[in-house]
Amino acid sequence: MQLTLEFGGGLELLCDSVKIHKVDVDPQTEEEKVTMKQLLPWIRTNLIKERLEMFMKGDSVRPGVLVLVNDCDWELSGQLDTVLEEKDVIVFISTLHGG
Amino acid sequence: MLQLFRPCSGFLYCHRLPEHVSTGHTFMEVNGNGVMVNEASKIQSEIESLEAKKAQIDLRISALRAQLNSSNSNCVRKERATNTNDSPSTGVSSNGQLSANMIYRYSRHLLLPSFGVEAQANLLNSSVLVIGAGGLGSPALLYLAACGVGRMGIVDHDVVELNNLQRQIIHTEANIGQSKVESAAAACRAINSTVQIVEHKEAFCTSNALEIMNKYDIVVDATDNAPSRYMINDCCVVLGKPLISGAALGLEGQLTVYNYNGGPCYRCLFPTPPPTTACQRCADSGVLGVVPGVIGCLQALEAIKVAAAVGEPLSGRMLLFDALSARIRVVKIRGRSLHCEACGENAIMTAQQFRNFDYEKFTQSPFSTSPLKLNLLSEDARITSKEYNERILKGDAHVLVDVRPAHHFKIVSLPNSINIPLGNLEGRLSEISASLEREEGNKCVDTSRGASLYVICRRGNDSQRAVEFLHRMGFTSAKDIIGGLESWANDVDPKFPTY
């Protein structure tokens with residue numbers, strides 16, 4: 001399944017300063033669907049190069065990271081249970097405090 | 001730069017040099033240095049006399065302004081005798097009629113079918129509190145003053161510094177050292193003397209927040225740190241004020257409207273504060289000046305929409321701005337959370353609760369933007385910049401490792417230092433060993449002691465982390481230079497650039 005993953009607000013620094021990643025993520029079995037719960041460990045293994053604690057806490061993202069699935073807060077689509085579909089765009093953005 | 005020009009008679013002359021080069025080239029060649037000095041003093045005295053004249057003119061202007069204001073209010077008073085509907089402070093009568101001056105000043109707003117007289121009258125009757133007169137606050141304040149908000153409060157406790165001017169466009173060179181609030185207020189008054197500007201020259205904190213904010217309709221968060229953002233949000237929730245929240249760092253910005261019309265508040269979105277390491281500051285990570293400029297302008301726009309009651313304020317949505325790729329994305333965010341500790345159903349945030357809440361403890365980071373000062377090492381693993389300078393002068397064999405990121409090293413560095421960024425230290429230990437050996441060979445030192453190893457960074461935090469690591473890796477004599485390059489500039493070489 002093709003997904004576009006985007007990192008912003010400084011999170012891109014954890015994956016070689018690359019903001020946009022076009023990736024292929026497949027469910028563990030044919031019938032199963034990929035959810036955010038499966039995508040996060042996949043990102044941890046395949047994309048995050050340093051300071052993992054800046055991205056994840058427990059099995060979710062760390063406080064201060066906004067997750068958007070197709071430009072929509074993942075709170076509105078079921079958070080970790082959000083079921084992903086082909087060509088979905090998932091954005092991880094760290095909230096900024098500067099000014 | 002300064003050093004280059006030092007032989008001539010001071011900064012003033014150097015400053016004017018390009019003009020002479022272009023217009024008085026022959027003159028300079030013929031008359032040589034003596035006349036150049038002469039010329040400089042002539043320029044100096046002309047500047048002084050012009051400045052004296054300028055001060056007189058300024059004085060006259062303010063006297064005339066005062067006269068005008070008092071005669072205006074006299075006129076208004078006379079008018080009020082016949083028409084009791086007029087309000088002197090805003091230029092709007094209670095039946096929504098704008099004065100002739102207001103109609104002319106705001107004509108371009110009035111011509112907008114979707115804005116018009118009604119929205120302008122709303123704006124003139126509204127009040128906005130802008131917290132922070134920095135990168136975000138600068139453009140926000142300028143536009144809010146220009147557009148005719150009735151009353152505007154400015155909160156900041158800082159003074160203007162030279163390194164602010166790259167982005168804080170409301171301030172000028174002439175105001176360096178002056179309070180940001182005074183400087184910003186003067187700029188706003190210069191644009192629009194009909195706006196009532198209230199100066200709050202103090203830090204916004206739990207003890208004064210409720211009292212200050214209570215006097216305004218709308219709040220603009222233009223601060224630069226996490227505890228202030230939580231505090232301002234909670235204060236807005238307690239007082240029921242809409243919050244126009246903007247943030248910028250590096251080449252990215254974010255914008256949204258909180259606590260508006262049943263929409264979410266900051267805590268609905270971020271119930272748990274982020275780890276301190278995720279709270280980057282512009283002073284450490286840098287920021288392209290125009291980025292907070294863009295976000296600050298958008299904050300003014302959202303404040304105007306809320307104040308004038310036009311359009312759809314950015315509530316329940318967030319605007320994400322990526323300057324480098326020229327992308328603006330508006331995303332849908334969650335609504336008000338029933339479980340929110342500030343605005344939820346069982347929320348405990350009351351005025352009393354707010355006053356006693358420790359925001360620095362909650363976010364584990366300080367309100368002030370003063371940099372962190374670590375103290376990781378024992379005294380014998382550290383030396384001051386002065387001591388280090390003495391060792392250089394004595395010709396002691398040593399290696400100086402600068403652990404700042406490479407782009408910092410390019411800004412400025414000490415001679416003979418080698419740059420190994422903290423993150424790369426582990427993989428480049430052999431370079432340090434090689435440098436130490438080379439130094440020992442060159443200076444024929446007593447090999448039982450060997451060459452010394454010093455570590456420096458910008459402010460003396462990363463250098464301590466590096467020394468801790470080096471000790472673990474067997475470089476037991478490594479010492480950090482206390483306070484880093486900043487202390488070198490303060491205590492050893494005042495001409496050494498700081499950033």
Looking only at B/Leu251, B/Val291, B/Thr277, most heavy-atom pairs under 4.5 Å shared with chain A are made by B/Thr277

When the side chains of residues 293-303 of chain B are checked against the rest of the protein, which donor-acceptor pairs come out under 3.5 Å, sequence neighbours left out?
residue: B/Gln299; atom: NE2; partner: B/Asp221; partner atom: O; Å: 2.9
residue: B/Gln299; atom: NE2; partner: B/Ile244; partner atom: O; Å: 3.2
residue: B/Glu302; atom: OE1; partner: B/Lys305; partner atom: NZ; Å: 3.3
residue: B/Glu302; atom: OE1; partner: B/Leu314; partner atom: N; Å: 2.8
residue: B/Glu302; atom: OE2; partner: B/Lys305; partner atom: NZ; Å: 2.9

May I ask you to check whether over 12 heavy atoms, not counting those of B/Tyr143, lie within 6.0 Å of atom OH? no

Would you say that more than 12 heavy atoms from the other residues, nucleotides or ligands in this model lie under 6.0 Å from the CD of B/Glu426, or not? no

If we only count heavy atoms from C-beta on, is the B/Ser365 to A/His97 side-chain gap below 4.5 Å? no

Could you tell me which portion of B/Thr223 (side chain, backbone, both or neither) has an atom closer than 4.5 angstrom to a non-hydrogen atom of chain A? backbone

Say whether, by atom type as modelled, one donor and one acceptor occur between the side chain of B/Gln280 and the main chain of A/Gly98 under 3.5 angstrom. no

Would you give the length of the straight line joining atom CD1 of A/Ile93 to atom CG of B/Leu320, rounded to the nearest 0.5 angstrom? 4.5 Å

Ranked by heavy-atom pairs below 4.5 Å to chain A, first place among B/Gly134, B/Gly135, B/Gly132, B/Ala226 goes to B/Ala226

Look at B/Pro275, B/Pro271, B/Pro274 and state which one has the largest set of heavy-atom pairs under 4.5 Å with chain A. B/Pro274

Please list, in residue-number order, every residue in residues 2-23 of chain A that has a heavy atom less than 4.5 Å from any heavy atom of chain B; write 'none' if there are none. A/Glu6, A/Gly8, A/Gly9, A/Gly10, A/Glu12, A/Lys19, A/Ile20

Do B/Arg229 and A/Leu96 come close enough that some side-chain heavy atom pair is under 4.5 Å? no

Toward chain A, the part of B/Phe321 with a non-hydrogen atom under 4.5 Å: neither

Part of B/Pro273 lying under 4.5 Å from any heavy atom of chain A: backbone

Tabulate, in ascending numerical order, the residues of residues 46-63 of chain A having at least one heavy atom closer than 4.5 Å to a heavy atom of chain B, or enter 'none'. A/Met54, A/Arg62, A/Pro63

For the OG1 atom of A/Thr95 and the CG atom of B/Leu249, what is their distance to the nearest 0.5 Å? 10.5 Å

Does anything in residues 68-91 of chain A reach chain B? List residues with heavy atoms under 4.5 Å apart, or say none. A/Leu68, A/Asp71, A/Cys72, A/Asp73, A/Glu75, A/Leu76, A/Val89, A/Val91

